[in-house]
J.: 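Below is the structure I would like to discuss, written out as structure tokens.
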Amino acid sequence: MNPFGIFLTLALYYAFTEVYSRKRVFLLNPVLLTILGIVLILSVSGISYDYYNDSAQILTFLLGPAVVSLAVPLYRQREYIYKYSKQIFAGIVVGGLVAIISAVFILKLLGGSEVVMRSIAPKSITTAIAIGVSEKISGIPSLTAVLVILTGIMGNAAGVEVMNAARIKDRVARGLAMGVTAHGLGTARIILDDEVSGAVSGLGMALNGIFTSIVLPLIAVLLF
């Protein structure tokens, strides 16, 4: 097995994590810098993305178990989550709708085309679901995938800092904000700070994916 992709990804992530641990500035976010670093190295060296991707397949495979592992903090915090189940449900509905409507109308104000608006609408749900929703509402699935990833990166890089600046301290609110808007990458970030918020974020990510996949095709006629 060719270890190039695994070694490059882990080496860059470790290096940037060390930098971020010394100076916690969102622009030094290790996920963001690792992606940019890989792009730069592949571009300068002339190494094809297919070569890198083939050599990093084990990391892609591990994404599945990583997502499943989010059930562990969810199980541990089940009583806390049950206690706030009504608030969590309301947050998913409101947050999911705001994520859709705000993206569409901001793009509309900027003069974006309808097909791009259809592609950006499912940006706040996980990639696998977002691609299917994009196809269903006549968006561009490949563009949707890119927008989903960018949303996750930005949420991972700046979400916690934005909530801190806004003095949002409630653990449920912080978890919902990250899970509903920034899906997996947002959840991966918030769980490092607090397991309760991480559990709520994982639940929010999963339920918002279901909610958006049902609601967005129904309200598409009103939005576009």
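Position 1 is the first residue of the sequence, and the numbers go up from there. Keep in mind it's a predicted model, so treat the numbers as computed, not measured.
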J.: Tell me the closest heavy-atom pair linking A99 and K123, and the distance in Å.
T.: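 Result for this residue pair: O-NZ, 3.8 Å.
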J.: When hydrophobic residues are tied together by side-chain contacts of less than 4.5 Å, even through go-betweens, does F89 share a cluster with V215?
T.: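 Yes; V215 is reachable from F89 via cluster members.
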J.: Please report the interatomic distance OG1(T17) to CG(L28), rounded to the nearest 0.5 Å.
T.: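 Reported value, rounded in 0.5 Å steps: 11.5 Å.
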J.: Could you tell me the separation between the OG atom of S43 and the OH atom of Y49, rounded to the nearest 0.5 Å?
T.: 13.0 Å
J.: Once you round to the nearest 0.5 Å, how far does CD1 of I168 lie from CG of L176?
T.: 11.0 Å
J.: Taking the side chain as every heavy atom from C-beta outward, state whether T144 and P122 have any atom pair closer than 4.5 Å.
T.: yes
J.: Roughly how far, to the nearest 0.5 Å, is OG of S45 from CG of L40?
T.: 9.0 Å
J.: Checking side-chain polar atoms at under 3.5 Å, does D54 have a donor or acceptor matched by the opposite partner on N2?
T.: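 Note: D54 and N2 side chains miss the donor-acceptor criterion.
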J.: So which atom in G5 and which in T9 form the shortest heavy-atom distance, rounded to 0.1 Å?
T.: O-OG1, 2.8 Å
J.: Is it the case that over 12 heavy atoms from other parts of the model lie below 6.0 angstrom from the NZ atom of K136?
T.: no
J.: Is it the case that the side chain of S55 and the backbone of Y52 share a donor-acceptor pair, with hydrogens and angles ignored and the cut-off at 3.5 Å?
T.: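 Side chain of S55 to backbone of Y52: a pair is present.
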J.: Give the C-alpha distance, both sets of side-chain angles, the deciding distance and a yes or no for side chain to side chain contact (heavy atoms under 4.5 Å, CB included) between L32 and N156.
T.: CA-CA 8 Å; L32 175 62; N156 182 284; over 6 Å; no
J.: To check you understand the geometry: which heavy-atom pair defines the closest contact between G96 and N208, and what is its length?
T.: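 Where G96 meets N208 most closely, the heavy atoms are CA-OD1, 3.3 Å.
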J.: Given ring pair (Phe, Tyr, Trp, His ring centres under 6.0 Å), test Y80 with Y84 step by step and report yes or no.
T.: CA-CA 7 Å; Y80 193 94; Y84 292 97; 5.1 Å; yes
J.: Are I140 and I149 joined in one hydrophobic group, where the rule is that I, L, V, M, F, W and Y side chains link up if heavy atoms are under 4.5 Å apart?
T.: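 Looking at the clustering, I149 is in a separate group from I140.
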J.: Can you check whether H183 reaches V148 side chain to side chain, under 4.5 Å on heavy atoms?
T.: yes
J.: Is V180 reachable from L207 through a run of I, L, V, M, F, W or Y residues, each pair having side-chain heavy atoms under 4.5 Å apart?
T.: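 Yes: a chain of side-chain contacts under 4.5 Å links L207 to V180.
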J.: D170: which residues meet the salt bridge (Lys or Arg N to Asp or Glu O under 4.0 Å) condition with it, sequence neighbours left out?
T.: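 Salt bridge (Lys or Arg N to Asp or Glu O under 4.0 Å) list for D170, sorted by chain: empty.
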J.: Could you walk me through whether I129 and T212 pass the side chain to side chain contact (heavy atoms under 4.5 Å, CB included) check?
T.: CA-CA 9 Å; I129 302 175; T212 301; over 6 Å; no
J.: How far apart are the closest heavy atoms of L27 and L33, and which atoms are they?
T.: O-CD2, 3.7 Å
J.: Which residues, ordered by chain and number, are linked to V98 in its hydrophobic cluster, where ILVMFWY side chains connect at heavy-atom gaps below 4.5 Å, directly or through other members?
T.: V94
J.: Can you tell me how far apart CZ (R118) and CG (L143) are? Round to the nearest 0.5 Å.
T.: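 Reported value, rounded in 0.5 Å steps: 13.5 Å.
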J.: Find out whether V31 and Y13 are in side-chain contact, i.e. whether some heavy atom of one side chain is under 4.5 Å from a heavy atom of the other.
T.: yes
J.: Could you tell me whether a side-chain N or O of E195 sits under 3.5 Å from a main-chain N or O of I191, the two making a donor and an acceptor?
T.: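 No: the side chain of E195 does not pair with the backbone of I191.
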J.: Could you check whether atom CZ of F4 has more than 12 heavy atoms from other residues, nucleotides or ligands sitting under 6.0 Å from it?
T.: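 Count over threshold, so yes.
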J.: Using a strict cut-off of less than 4.0 Å between a Lys/Arg side-chain nitrogen and an Asp/Glu carboxylate oxygen, indicate whether E79 and K83 qualify as a salt bridge.
T.: no
J.: Is there a side-chain contact between I153 and L185 in this structure, where contact means two heavy atoms from C-beta onward sitting under 4.5 Å apart?
T.: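 The answer is yes; the side chains approach within 4.5 Å.
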J.: Hey, does the side chain of S201 reach the backbone of G198 with a donor-acceptor pair shorter than 3.5 angstrom?
T.: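 Not confirmed, S201 side chain does not pair with G198 backbone.
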J.: Please report the interatomic distance CD1(I137) to OG(S119), rounded to the nearest 0.5 Å.
T.: 7.5 Å
J.: Quick check against the 3.5 Å criterion: does S134 have a side-chain atom that pairs as donor or acceptor with the backbone of I131?
T.: no
J.: Are F105 and V116 linked, directly or through other ILVMFWY residues, by side chains that come within less than 4.5 angstrom of each other?
T.: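 Linked within one cluster.
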J.: Between L192 and A188, what is the shortest heavy-atom contact and its length?
T.: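 That closest heavy-atom pairing would be CG-O, 3.4 Å.
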J.: Any side-chain heavy atom of I125 sitting closer than 4.5 Å to one from L216?
T.: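 SC-SC contact between I125 and L216 ruled out.
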J.: Could you tell me whether the side chain of Y14 reaches within less than 4.5 Å of the side chain of L10, counting heavy atoms only?
T.: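 No, every pair of side-chain atoms sits at 4.5 Å or beyond.
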J.: Within a strict 4.5 Å, meaning less than it, do heavy atoms of the I100 and L223 side chains meet?
T.: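 They are in contact (side-chain heavy atoms under 4.5 Å apart), so the answer is yes.
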J.: Do V200 and R174 have side-chain heavy atoms sitting under 4.5 Å apart?
T.: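 Counting from C-beta outward, V200 and R174 never come under 4.5 Å.
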J.: Is I101 linked to I120 within one hydrophobic cluster, defined over Ile, Leu, Val, Met, Phe, Trp and Tyr using a side-chain heavy-atom separation of less than 4.5 Å?
T.: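 Yes, I101 connects to I120 through the hydrophobic network.
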J.: What are the two closest heavy atoms between S197 and I190, and how far apart are they?
T.: CB-CG1, 3.6 Å
